[in-house]
Amino acid sequence: MLALIDSNNFYVSAERVFQPELQGKAGCVLSNNDGCAISRSNEAKETLGIKMGTPYFEMRELQQSGDLWWRSSNYTLYQDMMRRITAIVRRTFPDQEIYSIDECFCDLQGFKYHDLQQLALELRAKILQYTGVPVCIGIGATKTLAKVANKLAKKHHKETGVYVMETPEQVEAALKLTEIDDVWGIGPRYAIKLIRKGVYNAYDFTRLPEDFVLKLMTIQGRRTYLELHGQRCIPMEYDRPDKEGISTARSFGVMETELAPMEEALATYVANAALKLRAQRSVCSRIFVFCHTSRFAVVENLYSAGLDVKIDVPTNDTAVLIKAALGALRKIYVKGPRYQKVGIELRDLRSASQVQASLFEQVDTAKTAKLQKALKVIDQLNQNYGKDTIRYAAMGFEKKWFMKQEFLSRRFTTRLEEVIVVQAK
DNA sequence: TCTGGGGTCCTAGGACCC
DNA sequence: TCTGGGGTCCTAGGACCC
């Protein structure tokens, strides 16, 4: 069996741990740039009917009337809370895959003769007691079934927060209760197609012929189908594989029309992406640069452009990447549009140890070694003394383009002064 | 006025190789 | 009149996840 441990309304729950006055009141956490709701409390969902992705400006009245609180997203806090939760889970179920910022899968192979329901209930209580974050635990034979079980725990077993799906009868009943668009791997597009064919829930889906599913939804769809039949197709991944691409893009706090601030933003994103690149000891040989206006702009004001730049000698040197990115931006930038966003994606990643030198460029190994050493020192300084302690001039200083974060909570667990405040309380 | 960001995987079709 | 076959790589687009 596999377990899926998934936090309830995770960002909202994490905010509430350190701001208990938010408990029991409708609230939500906003996306970057305070754009729209991405995590909602039960009260916000149930009594106010706030949907995932509801824009901020549509909720403003609710806030003014005091019916709703909200916060900007604070990923530093959420990441740290998740680190604590997974550590607790690992003590009960050591074979763990961290799947996302708020959920992990565990293989329960070694627990054949245990009462899984009881173990899960105890684990859930422990997580709540130690971190203050409520979670639900779903247990099933495959990842997709564990996902189904988890959804049922959230919907129909709120008191216990645990649902174990062991017998074929339990599985069948669970699948009948699961709407088709609630199945992991079936998104809105496929859900529409399936409903047109009379497939309304997960059970209906499992009754379809396998080759029909293959034809309609390709091999990914078949994987979901087989998983619902209890056949494991999606393996556990204990070590996160290296990323195949790294992208960084943000919306501007206010629409931007000038090149200079866009260049600063872009250089900053490149520096962040390059840091991630070095962290996984990779280099990249292509960088894609793009900029565009808001997709909600009127048609005649829309503009979108992108350029893919090849880098002759694969690198993870921030300076080289910034230079390439800025060159590309200057080519695609035109004066006039009100830009909403610039971004980059590092592509063609490979291990730094497998770099193929350029035929026409002499590689000075001593110089390369020196550069790597310098980059390492910069990364270390920024880690120890705070982001941007050492920075590239192209990143600028004022950051007027920076995204909106008007309602940001404190980094309660990761800034020394914050930790002291909390401990004092 | 204001509407998120970061990923992965798969397929089809074109270009190109020998 | 008749004009191969097997393969790789790249890109664009579509779908999904959180």
Side-chain angles (χ1 to χ4, degrees), chain A residues 4 6-11 28-39 50-61 63 70 72-75 78-79 82 97-105 143-144 147 150-151 180-194 214-224 227 233-234 237 240-255 265 269 272-273 276-277 280 285-286 288 290 292-298 301 304 306-308 310 338 340-349 403-407:
Chain A
L4 175 67
D6 188 324
S7 306
N8 302 351
N9 314 330
F10 181 51
Y11 301 166
C28 63
V29 170
L30 301 172
S31 63
N32 271 338
N33 220 28
D34 297 338
C36 56
I38 54 169
S39 177
I50 291 176
K51 299 210 162 49
M52 196 71 169
T54 301
Y56 160 81
F57 64 89
E58 285 180 16
M59 302 184 290
R60 199 168 297 165
E61 276 179 25
Q63 189 213 27
W70 55 43
S72 304
S73 31
N74 185 343
Y75 291 101
Y78 312 148
Q79 198 74 57
M82 184 50 177
E97 170 188 339
I98 297 172
Y99 175 69
S100 76
I101 193 165
D102 76 327
E103 48 189 316
C104 63
F105 286 106
K143 281 186 170 178
T144 309
K147 277 270 189 186
N150 193 288
K151 280 245 155 123
I180 191 65
D181 57 345
D182 269 346
V183 176
W184 189 48
I186 298 180
R189 302 290 172 131
Y190 285 138
I192 290 170
K193 285 187 189 178
L194 287 166
L214 177 64
K215 219 171 154 190
L216 187 75
M217 304 166 64
T218 80
I219 65 166
Q220 308 250 64
R222 179 168 66 176
R223 203 173 293 163
T224 300
E227 284 246 321
C233 300
I234 306 170
E237 281 181 9
R240 285 268 104 167
D242 282 346
K243 291 184 203 322
E244 294 174 8
I246 296 172
S247 49
T248 305
R250 295 278 183 285
S251 300
F252 299 121
V254 288
M255 300 296 168
Y269 305 155
N272 289 341
K276 290 186 195 167
L277 188 64
Q280 68 168 38
S285 53
R286 272 166 57 211
F288 179 70
F290 65 89
H292 57 75
T293 52
S294 165
R295 64 198 160 102
F296 298 101
V298 289
N301 294 337
S304 173
L307 194 60
D308 207 352
K310 177 115 183 76
R338 298 172 68 238
Q340 182 211 19
K341 186 183 284 182
V342 288
I344 53 119
E345 185 179 341
L346 305 180
R347 296 176 170 177
D348 279 5
L349 272 46
M403 64 179 176
K404 275 190 261 181
Q405 284 187 322
E406 283 183 54
F407 318 102

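Here is how names work: the chains are called A, B, and so on, in the same order as the sequence lines, proteins then strands, and each is numbered from 1. For the numbers below, each heavy atom of this structure counts, side chains included, while hydrogens, waters and symmetry mates do not. For clarity, every value in this text was computed on a predicted model and none was experimentally measured.
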Grab the [atom1]-[atom2] distance between [X] and [N] for me, whole Å please.
X	N	atom1	atom2	value
A:D242	B:dT8	CG	P	10 Å
A:N9	C:dC18	CG	P	14 Å
A:E97	B:dT8	CD	C1'	13 Å
A:I234	C:dC18	CD1	P	11 Å
A:L194	C:dC16	CG	C1'	14 Å
A:M403	B:dG5	CE	C1'	10 Å
A:I180	C:dC16	CD1	P	11 Å
A:K215	B:dC10	NZ	C1'	18 Å

Using a 4.0 Å heavy-atom cut-off across all strands, classify [X] as base, sugar-phosphate, or nothing.
X	answer
A:D102	sugar-phosphate
A:R60	base
A:E237	nothing
A:E103	sugar-phosphate
A:T248	sugar-phosphate
A:G221	nothing
A:V29	nothing
A:K341	sugar-phosphate
A:I186	sugar-phosphate
A:M255	sugar-phosphate
A:E345	nothing
A:R338	sugar-phosphate
A:K404	nothing

Between [X] and [N], is there a side-chain N or O to OP1/OP2 distance below 4.0 Å?
X	N	result
A:K147	C:dC18	yes
A:S247	B:dG6	no
A:K276	B:dG7	yes

Counting only side-chain heavy atoms from C-beta out, which of [options] sits nearest to [X]?
X	options	answer
A:R250	B:dG5, B:dC2, C:dC17	B:dG5
A:I246	C:dC17, B:dG7, B:dT3	B:dG7
A:T218	B:dC10, C:dC17, B:dT3	B:dC10
A:K243	B:dT8, B:dC10, B:dT3	B:dT8

Under the ring-ring contact (aromatic ring centres under 6.0 Å, His included) rule, collect the residues that match up with [X], sequence neighbours excluded.
X	answer
A:F252	none
A:F10	none
A:Y75	A:Y11, A:Y78
A:Y190	none

What pair of heavy atoms forms the shortest contact from A:T248 to A:A273, and how long is it?
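Looking at all heavy atoms of both residues, the shortest contact is OG1-CB, 3.7 Å.
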
Can you tell if the side chain of [X] reaches within under 4.5 Å of the side chain of [Y], non-hydrogen atoms only?
X	Y	value
A:K341	A:F290	yes
A:S73	A:V29	yes
A:E97	A:C104	no

Salt bridge between [X] and [Y], side-chain N to carboxylate O under 4.0 Å?
X	Y	value
A:K310	A:D348	no
A:K404	A:D34	no
A:K147	A:E103	yes

Map A:N32 and A:I219 onto DNA chain B by nearest heavy atom, then report which one ends up closer to the 5' terminus.
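The residue mapped nearer the 5' terminus is A:N32.
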
Extract from the structure each pairing of a protein N or O with an N or O of nucleotides 11-15 of chain C at less than 3.5 Å, listing the distance.
{"from": "C:dA15", "atom 1": "OP2", "to": "A:R189", "atom 2": "NH1", "distance (Å)": "3.2"}

DNA chain C in dot-bracket, Watson-Crick or G-U pairs under 3.5 Å, [ ] crossing, | other strand?
....||||||||||||||

Stacking here means centres under 5.5 Å and planes under 30°; does A:F296 stack on B:dT3?
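Given the distance and angle limits, yes, they stack.
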
Can you list the steps and then say if A:I50 with A:W70 is a side chain to side chain contact (heavy atoms under 4.5 Å, CB included)?
CA-CA 12 Å; A:I50 291 176; A:W70 55 43; over 6 Å; no

